[in-house]
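Report on one structure; see the data block that follows.
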Amino acid sequence: MRWRPLPLAFAALVIAVAIASLVGVRLGRMDMAVAGPAAPSPGAPRYGLSTVGLSYPFAAAIAKGFSDAAAKAGAVALILDAQGNVQKQANDIDDLVAQRVNGIAIMPLDSVVAQGWVGRARRAGVPVAAVAALVGDPRTRAVTDVYPGLVALASQDEVTAGRVAGTLAGKLLPPGRTARIAVIEGAAGFPEVEQRARGFREGLDAAGVRYAIIASQPGNWTPQGGETACQNILAAHPDIDLFFNEADDMVIGCARAVRAAASQARLIGVGGSKLAVASIKAGAVDGTVCFKPEALGALAFEALDGGSDGARFRTYPIPAVTRANVDACVGQW
């Protein structure tokens, strides 16, 4: 069996990173807050960002990138926290429209419902950009096919991210037999859930490996959810070969479940979080896909501040990361 002990040094590192992340989230949590220059000039342009919830470290990092870019441009950033509630996000966006802000970036909780939000803002003459998730039906719209009402979409290509993870998984699976895989999904309504799973299967197929996805459960993007989902799956299928976690927060929780069960399962996440990078260095997680959420926030702001000029789909490279090249991924969340 491949036991995954946690060295004391790594445990201390995890605690330190976790404390720093919690402090950052607590400092960043707000219902509506102004970020920008210490004394913005009178009449400085104002831009809103509606996040899915600042309790999510990834969303908090996007908000930081957006706010930092606004400050650099001499603008004011209004950050609204939907707290995981679609109706609250709708109300927040209506509030920003009523304030006649210069532009709105939306990190949508529900990509289909978000089509209506974009329409209302555009009718009011307020430009809208999406960030981290597309607007529209992810089953019929490619991520690079930016919704017509948007100035731009700043995002990873989520299907490509899943494909990168699937290619990595193909290198980790046992040869000579059908490998048993479990998928830990995010939360319902997020387009990334279907996109990353689809790309993951494409990556496995392209790698030519024999596999069966024998279990799939939601982890709701949290370490606790990932741990619970992996515990449940291991109880029913103790011979799992690999867990594909659709986000790094969940892979951290899943790693706890794998260690507790003395399982040999390999672990892959998505996101390049600080905790995941530390876990890869310590050998507790096998790999992830490196995202840069602060860069996404900045790209969304720049799309709004620059109007409709430039590319409508804005992104950056998203490499696979293992222990062999982990230093290439500097965690932004």
Side-chain angles (χ1 to χ4, degrees), residues 28 30-37 40-54 58-82 89-111 113-136 141 143-157 191 291-316 332:
M30 59 199 85
D31 188 45
M32 176 178 286
V34 177
S41 60
R46 298 181 306 143
Y47 295 91
L49 169 64
S50 171
T51 76
V52 296
L54 291 168
F58 194 85
I62 287 174
K64 181 181 184 301
F66 187 89
S67 297
D68 288 350
K72 185 177 180 180
V76 176
L78 304 174
I79 311 298
L80 282 77
D81 185 349
Q89 186 164 45
N91 294 338
D92 288 346
I93 293 167
D94 286 343
D95 288 345
L96 289 170
V97 171
Q99 291 185 49
R100 305 293 298 177
V101 295
N102 294 78
I104 300 172
I106 302 173
M107 186 181 182
L109 277 160
D110 189 307
S111 60
V113 174
Q115 296 173 108
W117 306 338
V118 173
R120 289 201 298 275
R122 294 292 289 176
R123 286 191 294 273
V126 179
V128 182
V131 57
L134 62 73
V135 171
R141 182 177 295 278
V143 68
T144 54
D145 180 17
V146 180
Y147 188 71
L150 295 172
V151 169
L153 165 62
S155 182
Q156 300 84 207
D157 184 329
F291 284 2
K292 297 180 179 178
E294 291 181 21
L296 284 186
L299 287 171
F301 173 81
E302 290 161 6
L304 292 171
D305 192 46
S308 58
D309 296 335
R312 296 188 67 232
F313 179 68
R314 304 186 178 205
T315 191
Y316 56 88
Q332 292 189 344

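Only this structure's heavy atoms are used, side chains among them; waters, hydrogens and symmetry mates stay out.
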(request) Give the intermediate values and the outcome of side chain to side chain contact (heavy atoms under 4.5 Å, CB included) for residues Glu302 and Leu299. (result) CA-CA 5 Å; Glu302 290 161 6; Leu299 287 171; 4.0 Å; yes

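- No side-chain heavy atom of Ile62 sits under 4.5 Å from any side-chain heavy atom of Thr51.
- Atom CG in Leu49 sits 5.0 Å away from atom CZ in Phe66 (nearest 0.5 Å).
- Taken to the nearest 0.5 Å, the CG atom of Leu96 stands 5.0 Å off from the CG atom of Leu80.
- Gln156 has its side chain within reach of Tyr316: a pair of non-hydrogen atoms, C-beta onward, lies under 4.5 Å apart.
- With hydrogens and angles ignored, the 3.5 Å screen pairs no side-chain donor or acceptor of Arg141 with any backbone N or O of Gly136.
- Across every non-hydrogen atom of Pro293 and Gln332, the tightest pair is N-OE1, 3.4 Å.
- When all heavy atoms are compared, the tightest approach of Glu294 to Ala61 is CG-O, 3.3 Å.
- In this structure, the side chain of Gln89 engages the main chain of Leu109 through a donor-acceptor pair within 3.5 Å.
- Residues Ala303 and Ala152 approach most closely at CB-CB, 3.6 Å, considering heavy atoms.
- Atom CD1 of Ile104 sits about 10.0 Å away from atom CG of Asp92, to the nearest 0.5 Å.
- At least one donor-acceptor pair closer than 3.5 Å links the side chain of Arg46 to the backbone N or O of Gln99.
- Comment: Lys72 does not engage Asp68 in a salt bridge, judged by the lack of any side-chain N to carboxylate O separation of less than 4.0 angstrom.
- Although no hydrogens or angles enter the test, the distance criterion places no donor-acceptor pair under 3.5 Å between the side chain of Arg314 and the main chain of Leu296.
- In this structure the side chain of Ile79 reaches within 4.5 angstrom of the side chain of Leu54, judged on heavy atoms.
- Here the closest heavy-atom approach between residue Arg122 and residue Pro127 is recorded as NH1-CA, 3.6 Å.
- Between Val118 and Leu150 the shortest side-chain heavy-atom distance falls below 4.5 Å.
- A search for side-chain contact (heavy atoms from CB on, under 4.5 Å) contacts involving Ala133 returns Pro108, Pro191, Glu192, not counting sequence neighbours.
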(request) Go through Val143 and Phe313 one step at a time and tell me if the side chain to side chain contact (heavy atoms under 4.5 Å, CB included) criterion holds. (result) CA-CA 8 Å; Val143 68; Phe313 179 68; 3.9 Å; yes

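- Judged by distance alone, the side chain of Tyr47 and the main-chain N or O of Ala75 form no donor-acceptor pair under 3.5 Å.
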(request) For side chain to side chain contact (heavy atoms under 4.5 Å, CB included), just list the numbers for Leu153 and Val135, CA-CA rounded to whole Å, side-chain angles, deciding distance to a tenth of an Å, and then say yes or no. (result) CA-CA 8 Å; Leu153 165 62; Val135 171; over 6 Å; no

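- Considering all non-hydrogen atoms of both residues, Val131 and Gly297 come closest at CG2-N, 4.5 Å.
- Side-chain atoms of Arg100 never come within 3.5 Å of backbone atoms of Gly125 as a donor-acceptor pair (strictly under, hydrogens ignored).
- Residues Ala105 and Leu304 share a closest heavy-atom pair of N-CD1, 3.7 Å.
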